[in-house]
2 protein chains.
Amino acid sequence: MVAKEAAGRARPGRTPAPAGRRARPRQAEVARLAGVSQATVSLVLSGRDIATGRPISAETRAKVLDAAHSLGYVPDPAASRLAAARNNLLGVFSFTATFPTDVRHSYYPFLVGVEQEAAAQGYDLVLFTGSSTGGAGAGGAGALNRVRLADGCLFLGRHAPADELRRLVADDFPVVHVGRRDEPEGLAWVGADYVSASREVVTALAGLGHRRVLLVREDDDAPASTDRERGFLDGLVGSGLPAGPGAVFRTGDPGGDLTADRVRAWVAEGVTAFVAEETDTGAAWRALRAAVDAAGLDCPGQVSLALLGSPPADLADEPAPMGFDIPRPALGAEAVRLLAARIAGRPAEGTLVACAFRPGATAGPPPAP
Amino acid sequence: MVAKEAAGRARPGRTPAPAGRRARPRQAEVARLAGVSQATVSLVLSGRDIATGRPISAETRAKVLDAAHSLGYVPDPAASRLAAARNNLLGVFSFTATFPTDVRHSYYPFLVGVEQEAAAQGYDLVLFTGSSTGGAGAGGAGALNRVRLADGCLFLGRHAPADELRRLVADDFPVVHVGRRDEPEGLAWVGADYVSASREVVTALAGLGHRRVLLVREDDDAPASTDRERGFLDGLVGSGLPAGPGAVFRTGDPGGDLTADRVRAWVAEGVTAFVAEETDTGAAWRALRAAVDAAGLDCPGQVSLALLGSPPADLADEPAPMGFDIPRPALGAEAVRLLAARIAGRPAEGTLVACAFRPGATAGPPPAP
DNA sequence: CGCATTACCTAATGCGCATTAACAAGCAAT
DNA sequence: ATTGCTTGTTAATGCGCATTAGGTAATGCG
């Protein structure tokens with residue numbers, strides 16, 4: 001009961017205007033000062049007069065603008081959103097434990113592009129953090145709800161909760177997922193073209209002369225993994241190489257982990273190149289590198305390695321592996337463009353963005369037999 | 001005109017309810033289904049019935065909750081905020097160019113504490129990004145305005161715009177600044193006690209036997225710099241050492257930059273220990289290290305170095321310098337506590353938090369003359 | 001049995017803004 | 001003059017929710 005007294009709003013209740021200086025002025029005050037109606041103020045300030053062909057005389061415009069300026073009027077974003085379903089705010093929600101604002105964070109490069117494009121489109125950004133649990137959940141339906149404060153929302157991460165997303169999509173709330181995603185029907189997304197990029201890497205290896213290539217992937221059926229595997233197999237087939245189930249190894253497969261012995265065995269069978277998928281942890285790549293090292297194999301010399309993605313930040317100073325780079329900033333920017341389209345009512349479907357091939361220094365011709 | 005048609009809201013205009021499944025249900029729908037009034041729904045869902053001693057029968061409560069659940073009701077945060085001036089959202093605004101590539105993580109540790117404490121207090125977090133310029137600014141008054149979406153807001157950074165902050169404070173919007181700050185009268189803040197911590201470092205150096213100590217600081221009059229200088233000078237005086245203006249060097253001072261020659265000159269004059277202030281870029285510390293290195297001076301042996309703060313993350317693997325650690329997560333948590341108090345209407349003033357002295361490995365006794 | 005309590009619930013109102021129907025002029029054409 | 005059209009402005013309404021001032025039925029008390 002104390003709490004209600006001095007909340008964020010200057011005058012919560014029906015208390016009459018205070019004696020001294022007015023608190024934050026409303027459009028009504030501006031209107032009074034300018035000698036016009038509140039509706040006119042709204043029209044002028046939102047610039048909708050010209051946009052909607054509802055003209056306002058230059059004189060009136062000036063009066064209103066003067067009044068607003070002298071009173072220091074600023075709009076209430078909550079009220080705008082309530083009344084018009086627009087407040088020029090774009091939400092960004094990521095499903096990692098904490099803030100993706102850390103530079104080392106793998107989502108960071110996306111945000112760079114997101115922010116640029118958002119600014120270019122006249123939107124401000126609002127980041128919602130994923131971890132908090134305490135929130136306002138009256139219905140308990142979930143923390144995702146607060147994104148409705150914004151005009152639309154971007155989602156980052158492999159593990160966005162499908163049901164909550166489905167709900168937003170069903171309500172026709174503008175949502176764009178960064179990363180390909182089939183799950184909620186009708187969800188818009190932007191994704192990197194892992195299939196083509198992976199195919200290209202395999203083709204390059206084949207071009208160097210490799211006849212047996214092995215993919216090391218994690219045991220996780222996210223689209224990002226599936227797509228890479230498909231591109232990998234496509235590439236094998238396209239180059240006339242054997243593409244049986246033996247060409248793919250899942251860490252966690254029955255038969256144990258990725259060990260030096262296993263690598264030696266493969267090499268003995270004729271495998272001359274290894275390809276690892278990239279994930280947010282980079283586990284597959286690390287495991288592969290470790291095993292090859294432990295087996296005492298020289299990398300560009302005896303075996304070739306490639307990474308279907310970019311190396312993790314902490315390995316940035318090692319020689320760049322063959323592979324491809326995901327244009328993360330571009331993806332972020334494209335996501336914003338899609339979202340803006342959704343907000344404007346235009347439909348939007350999934351969009352693929354091409355990756356850039358990276359020759360790197362970890363691949364060469366196979367050793368002579 | 002196309003735009004208005006399919007905005008974020010399911011049914012923007014006065015169009016009657018659609019034929020098929022209803023879009024996002026309102027309290028009114030819940031009320032209808034439960035056979036009670038909308039007001040009762042609000043009371044039950046907000047839990048305010050028991051809180052305010054306004055009793056609701058268990059039977060009615062159950063009916064309402066059932067209805068809300070079966071309809072999948074979720075509250076509209078914008079409407080909550082508008083009606084009650086509360087939505088359990090805490091804003092966080094930082095004033096560095098939003099996603100700067102090199103600096104960012106210096107605020108990261110704060111956010112860790114902020115997030116934890118916010119969750120503990122039942123708040124969700126919303127991050128506002130600083131750079132965007134395109135936003136809704138009808139009044140042009142500024143991007144800070146959107147923080148009003150939240151119940152209150154935390155501000156991070158040395159260079160928060162004073163006038164915009166003043167405005168929020170004047171409007172009695174709950175604001176807490178992380179970092180000591182005098183500027184807008186009545187602004188609540190939490191800060192680290194740089195004065196005491198810096199004094200302690202100087203005292204430690206004096207205790208090792210140093211008689212002439214020099215402070216290297218940036219040419220920036222933020223309170224964080226001023227406080228460190230004051231503590232530094234206090235420490236000199238307290239230890240009976242000379243504390244004239246010659247004891248402080250500002251990078252950017254007339255007379256040029258921090259060079260190896262200059263360092264040699266100081267050493268020739270009898271300076272045996274150097275102290276650098278910490279800033280978000282770590283520029284002073286970097287410059288000092290570089291100059292000492294270039295001068296060919298051995299660090300713990302010929303000169304002692306200390307850093308008034310923590311080393312930047314990219315230097316984390318070097319030996320830790322003498323200095324102090326700012327308890328950033330604790331500061332963040334304390335800031336949230338203050339902000340929650342402000343939101344609840346309790347007044348809140350500035351709060352200082354103590355830093356932890358760090359002996360480090362860059363300081364030893366001065367060389368024998 | 002009349003009146004004051006309590007217990008429980010609802011009608012009404014407004015938060016600040018955007019939108020729309022309606023209206024008031026002004027002016028051209030009939 | 002009457003009609004029709006364009007231009008400029010306003011009254012009225014509602015977004016979804018919280019809150020306050022009652023209102024009604026059930027109970028207690030003298």
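Labels below follow one simple rule: chain letters A, B, ... track the order of the sequence lines, proteins then strands, and each chain is numbered from 1.
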Using atom OH of Tyr73(B) as one end and atom C1' of dA18(D) as the other, report the distance to the nearest whole Å. 11 Å
If the threshold is 4.0 Å, N to carboxylate O, is there a salt bridge linking Arg81(B) and Asp76(B)? no
Note: for Lys63(B) and Ala79(B) on DNA chain C, the residue whose nearest nucleotide lies more 5' is Lys63(B)
Measuring from the side chain of Ser42(B) (C-beta onward, heavy atoms only), which nucleotide among dC9(C), dC17(C), dT19(D) has the closest atom? dT19(D)
Length of the CG-P vector between Leu43(A) and dC17(C), whole Å: 14 Å
In whole angstrom, what separates Leu82(B)'s CG from dA18(C)'s C1'? 13 Å
In this structure, how many angstroms lie between the P atom of dT9(D) and the CD1 atom of Ile56(A), rounded? 5 Å
Taking all non-hydrogen atoms of both residues, which atom of Ala67(B) and which atom of Ala34(B) are closest, and how far apart? CB-CB, 3.9 Å
Write down the distance between CZ (Arg24(A)) and P (dC17(C)), rounded to a whole number of angstrom. 6 Å
With both distances kept under 3.5 Å, what pairs with dG30(D), Watson-Crick or G-U wobble? dC1(C)
When you measure from the side chain of Asp76(A), which nucleotide among dA18(D), dC15(D), dC17(C) comes out closest? dC17(C)
Looking only at side-chain atoms of Ala39(B), point me to the closest of dA18(D), dA11(D), dA11(C). dA11(C)
Is there a side-chain polar atom (N or O) of Ser37(B) under 4.0 Å from OP1 or OP2 of dA11(C)? no
Carboxylate-amine/guanidinium proximity below 4.0 Å for Asp171(B) and Arg167(B): yes
d(CD, Gln38(A); C1', dT19(C)) in whole Å: 10 Å
Just verifying a value: how many Å separate Arg342(B) CZ and Asp172(B) CG, rounded to the nearest 0.5 Å? 5.5 Å
Distance check needed: dC17(D) P versus Leu45(B) CG, whole Å only. 9 Å
So if I take every side-chain heavy atom of Ala83(A) and compare against dC15(D), dC15(C), dT19(D), which nucleotide ends up nearest? dC15(D)
Would you indicate, yes or no, if dA18(C) has its OP1 or OP2 atom less than 4.0 angstrom from a side-chain nitrogen or oxygen of Gln27(A)? yes
Would you mind classifying the nucleic acid contact of Val36(B) as base, sugar-phosphate or nothing, using non-hydrogen atoms under 4.0 angstrom? sugar-phosphate
Spacing between Arg32(A) atom CZ and dC17(C) atom P, to the nearest angstrom: 13 Å
Look at the side-chain N and O atoms of Ser46(B) and state whether any lies under 4.0 Å from the OP1 or OP2 oxygen of dA18(D). no
Minimum-distance nucleotide (side-chain atoms of Ser57(B) versus dC9(C), dT9(D), dC17(C)): dC9(C)
